[in-house]
Amino acid sequence: MPNQKQTDYNNSCVTPIYQNTVYFFENTEQVIQYHENEINVGRYGRYDNPNWLEVEKKIAILDNYQDALIFSSGMNAIVTTILTFVQPKDKLIYTGKCYRNVRKFFKSVLPKLAIEVIPMDSAETQRFHAEFEAQSQEDTKIVFIEAPSNPHLYLVDLERLKSQIGQNTLLIVDSTLATPFNCQPQHFGADLVIHSCSKYLGGHGDILAGSVSGSIELIEEIRNYRNMMGGVVAPHGAFLLNRSLESFEIRMKHFNQAGMEVALYLQNSPLVEKVFYTGLDSHPHVDLAQKYLTGHGGVVSFEIKANQESTSRFVDALTIPFMGSNFGSNHSMVEQCSIFTYYKLSAQERQLLGITDNLVRLSVGYGDTGVLIEDIDRALFETCRV
Ligand SMILES: *Cc1c(COP(=O)(O)O)cnc(C)c1O
């Protein structure tokens with residue numbers, strides 16, 4: 001049979017999934033026009049996909065940048081972006097309290113390329129900026145900030161930081177926990193903003209993807225690396241992410257409200273020692289939160305009045321949240337940090353990261369928040385009462 005292309009009924013309101021590896025050219029002239037950037041046609045599935053473009057346009061608008069790219073995961077977005085810009089002997093400064101595999105990448109991979117990596121503690125803002133000042137800025141290529149941070153939701157004074165760094169230093173912000181709905185790092189001088197779309201942007205616990213937003217020039221450089229390294233999101237994943245973005249604002253309104261409700265409940269519970277939620281006055285960075293955030297999301301971390309064993313009993317007694325390490329999805333999730341994400345660390349390493357034995361990270365889902373609070377209340381009463 002000759003090659004044929006389906007042209008009927010392709011006026012679907014929803015963009016179809018381009019589940020293809022390769023694109024055809026009409027003739028040799030088109031191939032040359034493609035090479036000369038005169039026409040927008042696809043070439044190969046690692047470079048081009050219409051489902052990506054749809055998502056990338058939306059994320060660029062949400063983040064308020066000229067352009068954006070999506071990747072196979074948040075980690076891949078970070079790794080590809082960093083590798084695009086570093087050279088041997090460069091220095092990279094980062095918030096030491098950040099996503100586990102980001103820390104691992106900085107500590108175990110970048111030194112192999114003769115890149116100096118320097119973690120800095122963002123928990124105490126004054127000290128953070130003073131220590132930052134003490135670093136030579138000449139050779140600092142990248143400052144990588146995770147804010148709000150995992151799991152304490154620490155923030156960084158981005159504007160002040162921007163005034164401290166040199167013109168040739170890239171300020172990159174992992175804004176996964178805030179999302180574009182609650183924070184706009186672009187307004188405060190970030191050159192690139194990264195999200196793990198596996199969390200709030202995907203929003204249904206069924207997609208792995210990541211994104212980076214920035215100027216046309218920076219995004220073009222990163223695109224060259226993505227083309228080469230191939231950390232691309234599958235067409236179906238991009239399709240699902242596009243669907244998710246349609247309800248993004250509605251879902252974030254829910255998360256902000258539900259997170260606040262749970263945080264207020266916990267703050268008032270006599271069985272809870274400390275709550276980390278940027279919407280509460282008790283958060284150490286509440287001033288920064290007022291400046292940088294317009295909402296506080298669905299992740300609430302808290303320390304209960306219990307030792308490690310009783311804290312395990314508490315998370316085991318919960319019936320509504322799944323025990324697992326994720327946030328921003330339809331299911332509420334809970335983890336005892338010292339036993340879950342930070343299990344493999346020594347007691348001393350956990351202490352440095354502020355991971356206490358009684359620290360719990362809860363992320364709210366789309367279910368009834370009142371029912372979730374009742375579940376927490378019952379579990380606390382059963383396991384922590386003295
Ligand atoms: C989840 C997460 C990542 C990694 O994203 P993946 O999509 O899981 O690869 C990076 N940074 C933060 C803050 C995250 O929460």
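Each residue takes its place number in the sequence, starting with 1. Remember, it's a predicted structure, so these values are computed and weren't measured experimentally. Indexing begins at 1, ligand by ligand and atom by atom, following the structure's order.
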Proximal ligand 1 atoms for E146, defined as those under 4.0 Å from one of its heavy atoms: 13 (C)
Sub-4.0 Å atoms of ligand 1 with respect to non-hydrogen atoms of F327: 15 (O)
Residue pairs, two or more places apart or on separate chains, that pass salt bridge (charged side-chain N to carboxylate O under 4.0 Å, His left out) and touch residues 245-267: K58-E246
I115 side chain reached by I82 side chain, heavy atoms, under 4.5 Å: no
Heavy-atom closest pair, residues A60 and A68: N-CB, 3.8 Å
Protein heavy-atom partner closest to atom 5 (O) of ligand 1 - residue, atom, separation in Å: S196 OG, 3.0 Å
F327 and Y200: CA distance, side-chain angles, deciding distance, ring-ring contact (aromatic ring centres under 6.0 Å, His included) verdict: CA-CA 7 Å; F327 57 87; Y200 291 114; 5.5 Å; yes
Distance from atom 13 (C) of ligand 1 to nearest protein heavy atom, with residue and atom: D174 OD2, 3.4 Å
Over all atoms of both residues, closest heavy-atom pair of L359 and P151: CD2-CG, 3.9 Å
Reported OG1-to-NZ distance for the pair T176 and K199, which is rounded to 0.5 angstrom: 6.0 Å
Min N/O separation G74 to ligand 1 under 3.5 Å: yes
Top protein contact for atom 4 (C) of ligand 1, by heavy-atom distance: Y99 CE2, 3.4 Å
Nearest-contact summary for atom 7 (O) of ligand 1 - protein heavy atom, Å: S198 OG, 2.6 Å
Among T278, N256, N182, the one residue meeting side-chain hydrogen bond (donor to acceptor under 3.5 Å, both in side chains) with H296: T278
contact_flag A209 ligand 1 heavy-atom lt 4.0 Å: yes
Sub-4.5 Å side-chain heavy-atom contact between Y265 and L372: no
Distance from atom 15 (O) of ligand 1 to nearest protein heavy atom, with residue and atom: K199 NZ, 2.7 Å
Per-residue contact class, N101 against ligand 1 - non-hydrogen pairs under 4.0 Å: neither
Atoms of ligand 1, numbered as shown, that sit under 4.0 Å from any heavy atom of N150: 13 (C), 15 (O)
Contact (N/O only, under 3.5 Å) between M75 and ligand 1: yes
